[in-house]
Number of protein chains: 2
Amino acid sequence: MAKQAQENQLSEATQQRLLEAAGEVFAEHGFKAATVREISTKAGANVAAVNYHFGGKEGLYKAVFRLAHRCSHGQAEQMMGSGLNVEERLGLFVRGFLENIFCEGQAAWHGKLMTREMTEPTSALDELVREEIQPRECVLEGICRELLGKNATKDQAEFCARSVIGQMIFYYHARPVITRLFPDFEYGPEGIVKVAEHVTRFSLAGMRKYKDEGRGR
Amino acid sequence: MAKQAQENQLSEATQQRLLEAAGEVFAEHGFKAATVREISTKAGANVAAVNYHFGGKEGLYKAVFRLAHRCSHGQAEQMMGSGLNVEERLGLFVRGFLENIFCEGQAAWHGKLMTREMTEPTSALDELVREEIQPRECVLEGICRELLGKNATKDQAEFCARSVIGQMIFYYHARPVITRLFPDFEYGPEGIVKVAEHVTRFSLAGMRKYKDEGRGR
DNA sequence: TGACTTTTCAAACAAGTGTTTTAATCTACT
DNA sequence: AGTAGATTAAAACACTTGTTTGAAAAGTCA
């Protein structure tokens, strides 16, 4: 048992390598389809290392999630922005969300892992919703509520928040279809910026008009 | 080899049972995670039956897709509707799409299989896009174009079409998250109708306003 | 250095996968 | 009834999966 081993440099190195590799592989294949052998190989470690350091595949998965949570702690509060009007805050939220999902830099697997957990939930979903998704949804719902005006119900704000998120996440979930259906669309940084601009504009327009038609329903 | 066996009643019965069971299991677990043993058991057939009748797991998968295509042939054209204005056609499209995805009746697996292929593409995706997705996208894009007015570019119509689809499909892909995040929302028929009404209203409003702000970009 | 723990590694294990085999059963036709 | 072909069924096969094992290597501290 390695309980006092957290100060060891070498073992920590393999633990870190394992975590990083696991993040990528889990994000790419999902929990079930990912294999500990691919993770171990990618980390340059032995197959047994996963069981030794994390007690098994599931332990590794949870450790990856804990790491991810630590990395993005307080990101929702930061999203709030201060001294900005509603339109700007919505634009910021949308752009930040998309960058989080489509970023290719360090820890690109974090957003992907989060998104995958949405469609293939594991036991880690409850914690994920509580720690990361709920706070962000709260921010977005607040923005929607402000845009919809005082007459809007909580129900309407929730529907609109889901519409905003849905528009964005569609580009992630349906990527294979989109690339086939719209060959001109490219998923690079400039493409994502265009998506952000459209979603912001579309949603802003939608909620403004939504508000004016409030008596229609 | 069973080549002249298509007239046989009994064998056809097991083939049909196998196809039906496979549709459900593939839709629920995806191609890779589905097991031929679960399919066989569900169909009340032997494990070897899959290989005997369809040449293997992949052959069965493709047969399931061919069956699904046959079932929903010409559904896009029917969606066009005639003698209806744009708003009504959008409402019809949205409602039809959602019913297709969330229907619980016979062949409920068809929509689920289609949706799963979006996120976990196999070799069947190209055919699926060509046969089913492309035609429907075409209809929706036409509606969007009409709503956006003559000044709108093809690019804008495509973005708006993706926004409409994204709003709806989000309820499918992120179902585990939505049920946790919005405990009051229920996925029954009445819930789906509410989604359809909201998406239609939100998108209609979005595109109308989008159109008016055409010079802003 | 030398005992002690921690970590690594190759090998093997048990369970589950799709597929094949082989024989038994059923169906259809004369 | 009898024969040939089509279908079913049980068993085994080859392979991959996560996990365990036992010994070798590396590190730690006196």
Side-chain angles (χ1 to χ4, degrees), chain A residues 1-65 116 120 122-124, chain B residues 1-65 116 120 122-124:
Chain A
M1 294 80 186
K3 289 182 178 172
Q4 273 80 7
Q6 276 127 5
E7 281 73 27
N8 193 314
Q9 312 148 345
L10 270 182
S11 74
E12 207 171 32
T14 53
Q15 277 196 19
Q16 292 301 332
R17 273 181 291 134
L18 234 33
L19 280 171
E20 192 61 30
E24 297 176 23
V25 176
F26 279 136
E28 189 174 350
H29 300 356
F31 174 73
K32 190 170 182 182
T35 70
V36 299
R37 278 177 169 83
E38 182 181 351
I39 295 172
S40 312
T41 306
K42 200 163 199 163
N46 190 271
V47 205
V50 169
N51 279 281
Y52 178 75
H53 286 288
F54 299 97
K57 188 184 181 182
E58 192 163 339
L60 177 58
Y61 191 72
K62 294 192 172 169
V64 165
F65 258 87
R116 183 171 283 275
E120 293 174 41
T122 70
S123 58
Chain B
M1 292 80 184
K3 290 184 178 173
Q4 273 79 9
Q6 275 127 6
E7 281 74 25
N8 192 315
Q9 312 148 344
L10 269 184
S11 75
E12 208 170 32
T14 52
Q15 277 197 18
Q16 292 300 331
R17 273 181 290 132
L18 235 31
L19 281 171
E20 192 61 31
E24 297 177 23
V25 176
F26 280 136
E28 189 175 349
H29 300 343
F31 174 73
K32 189 170 183 180
T35 71
V36 299
R37 276 177 171 83
E38 182 181 351
I39 294 172
S40 313
T41 306
K42 198 162 199 165
N46 190 271
V47 205
V50 169
N51 279 279
Y52 178 75
H53 285 287
F54 299 97
K57 187 184 182 182
E58 191 163 337
L60 176 57
Y61 191 72
K62 294 192 172 170
V64 166
F65 258 87
R116 183 171 283 276
E120 292 175 40
T122 71
S123 59

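All figures in this text were calculated on a predicted structure; none of them were measured in a lab. Labels below follow one simple rule: chain letters A, B, ... track the order of the sequence lines, proteins then strands, and each chain is numbered from 1.
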Exercise. Any donor-acceptor pair under 3.5 Å linking the side chain of Arg17(A) with the backbone of Ala45(A)?
Worked result: no

For this session: Take atom CD of Gln16(A) and atom C1' of dT7(C), then tell me their distance rounded to the nearest Å.
Result: 16 Å

Problem set entry | Rounded distance (Å) that lies between atom P of dG18(C) and atom CZ of Phe54(B) | 15 Å

Exercise. Going by heavy atoms in the side chains, are Phe54(A) and Lys62(A) under 4.5 Å from each other?
Worked result: no

Exercise. Please give, in whole Å, the distance from dT17(C) P to Glu58(B) CD?
Worked result: 18 Å

Problem set entry | Minimum heavy-atom distance Ala34(B)-Val25(B), with the two atoms named | CB-CG1, 3.7 Å

Problem set entry | Rounded distance in Å - NZ (Lys57(A)) to P (dA15(C)) | 18 Å

Problem set entry | CG-CG distance between Leu60(B) and Asn51(B), expressed to the nearest 0.5 angstrom | 9.5 Å

Exercise. Closest heavy-atom contact between Val36(B) and Val47(B)?
Worked result: CG2-CG1, 4.2 Å

Seminar exercise, completed: Looking only at dT20(C), dT8(C), dG18(D), the nucleotide nearest the Asn51(B) side chain is dT20(C)

For this session: Please check the phosphate of dT7(C) (OP1 and OP2 only) for any side-chain N or O of Thr14(A) closer than 4.0 Å.
Result: no

For this session: Over 60° means perpendicular and under 30° means parallel, so classify the ring planes of Phe26(B) and Phe31(B), tilted if in between.
Result: parallel

Problem set entry | Distance in Å, Tyr61(B) OH paired with Leu19(B) CG, rounded so as to fall on 0.5 Å steps | 13.5 Å

Exercise. Should Glu120(A) and Glu120(B) count as side-chain neighbours, where that means a heavy-atom distance under 4.5 Å?
Worked result: yes

Polar atoms only, N or O, under 3.5 Å: list the protein pairs with nucleotides 21-25 of chain D and their distances.
none

Exercise. Which pairs with one or both residues in residues 32-45 of chain B pass side-chain hydrogen bond (donor to acceptor under 3.5 Å, both in side chains), sequence neighbours excluded?
Worked result: Glu24(B)-Lys42(B), His29(B)-Glu38(B)

Problem set entry | Within residues 27-47 of chain A, residues whose heavy atoms come under 4.0 Å of DNA chain C | Arg37(A), Asn46(A)

For this session: Report the distance from atom OH of Tyr52(B) to atom C1' of dT25(C), rounded to the nearest whole Å.
Result: 12 Å

Exercise. For His53(B) and dA6(D), is the shortest distance between a side-chain N/O and OP1 or OP2 below 4.0 Å?
Worked result: no

